[in-house]
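Numbering starts at 1 and runs along the sequence shown.
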Amino acid sequence: QVQLVESGGGSVQAGGSLRLSCAASEYMARGYCLGWFRQAPGKQREVVVTIATTTSTTDYADSVQGRFTISRDNTKNTLYLQMNSLKPEDTAMYYCVARRQVAALECPTVAIAYAWWGQGTQVTVSS
């Protein structure tokens, strides 16, 4: 059972930046899909970005492309999400996710496909 623990959320004004971290309980340098989802009040969970650990292929949601960057430090078993130029519509609970990658398929972008979830960290952006 993989355990994921997020940190780094908080409250910022529009245009500001935050960096989220996700510490994993085991080494996932190859053969996994990792990513970040978010859920705003009254809305469904939506993908923010995914990364295939073997190829480092990333897939960003259109709404965050160019503003958010996913990265990882395999020596620390940690995944990061750098969020710049934050907007009020980025306000949500952010979740770190992981699953084993299936063959050479792209990482899924639907929440139900991910077996492991962190507890979430709240990001609030004020205008």
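The two residues Arg72 and Thr53 have their closest heavy-atom pair at NH2-O, 2.8 Å. Nearest heavy-atom pair, Leu86 versus Arg67, reported as atom, atom and distance to 0.1 Å: CA-NH1, 3.9 Å.
For Thr55, the side chain to side chain donor-acceptor pair (under 3.5 Å) test picks out Thr57, with sequence neighbours left out. Evaluation of the side chain to side chain donor-acceptor pair (under 3.5 Å) rule for Gln39 yields Arg45 as partners, not counting sequence neighbours.
Between the CG atom of Leu34 and the CZ atom of Arg99 there is a distance of 11.5 Å, given to the nearest 0.5 Å. In this structure, the separation between SG on Cys33 and CZ on Arg100 is 12.0 Å, given to the nearest 0.5 Å.
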Side chains of residues 107-116: which donor-acceptor partners sit under 3.5 Å, not counting sequence neighbours?
residue : atom : partner : partner atom : Å
Tyr114  : OH   : Pro108  : O            : 2.6

Report all side-chain donor-acceptor pairs from residues 5-14 shorter than 3.5 Å, counting only partners two or more places apart or in another chain.
residue : atom : partner : partner atom : Å
Glu6    : OE1  : Gln119  : N            : 2.9
Glu6    : OE1  : Gly120  : N            : 2.9
Glu6    : OE2  : Cys96   : N            : 2.7
Glu6    : OE2  : Gly120  : N            : 3.3

Full working for side-chain contact (heavy atoms from CB on, under 4.5 Å) between Val123 and Leu18: CA-CA 8 Å; Val123 171; Leu18 283 174; 3.9 Å; yes
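Note on Met83 and Phe37: separate hydrophobic clusters, where clusters join Ile, Leu, Val, Met, Phe, Trp and Tyr whose side-chain heavy atoms are under 4.5 Å apart, directly or indirectly. Note: the hydrophobic cluster containing Leu4 also contains Tyr32 (ILVMFWY, side chain heavy atoms under 4.5 Å, direct or indirect links). When hydrophobic clusters are built by joining Ile, Leu, Val, Met, Phe, Trp and Tyr residues whose side-chain heavy atoms come closer than 4.5 Å, directly or via intermediates, Val64 is not grouped with Val97.
With contacts defined as side-chain heavy-atom distances shorter than 4.5 Å, the pair Thr78/Ser21 qualifies. Between Leu81 and Val49, some side-chain heavy-atom pair lies under the 4.5 Å cut-off.
Checked options Ile70, Val48, Ile51, Val47; the residue passing with Tyr60 is Ile70 (criterion: side-chain contact (heavy atoms from CB on, under 4.5 Å)).
Not a single donor-acceptor pair under 3.5 Å links the side chain of Ser127 to the backbone N or O of Pro88. Judged purely by atom type and a 3.5 angstrom limit, Thr91 uses its side chain to pair as donor or acceptor with the backbone of Val125.
Applying the ring pair (Phe, Tyr, Trp, His ring centres under 6.0 Å) rule to pairs touching residues 70-110 yields Tyr95-Trp117, sequence neighbours excluded. Applying the salt bridge (Lys or Arg N to Asp or Glu O under 4.0 Å) test to every pair with at least one member in residues 14-40, sequence neighbours left out, gives these pairs: Arg38-Glu46, Arg38-Asp90.
Defined by atom type and a distance below 3.5 Å, a donor-acceptor pair is present between the side-chain atoms of Asn84 and Ser17.
Other residues, nucleotides and ligands place more than 12 heavy atoms under 6.0 Å from the CD atom of Gln122.
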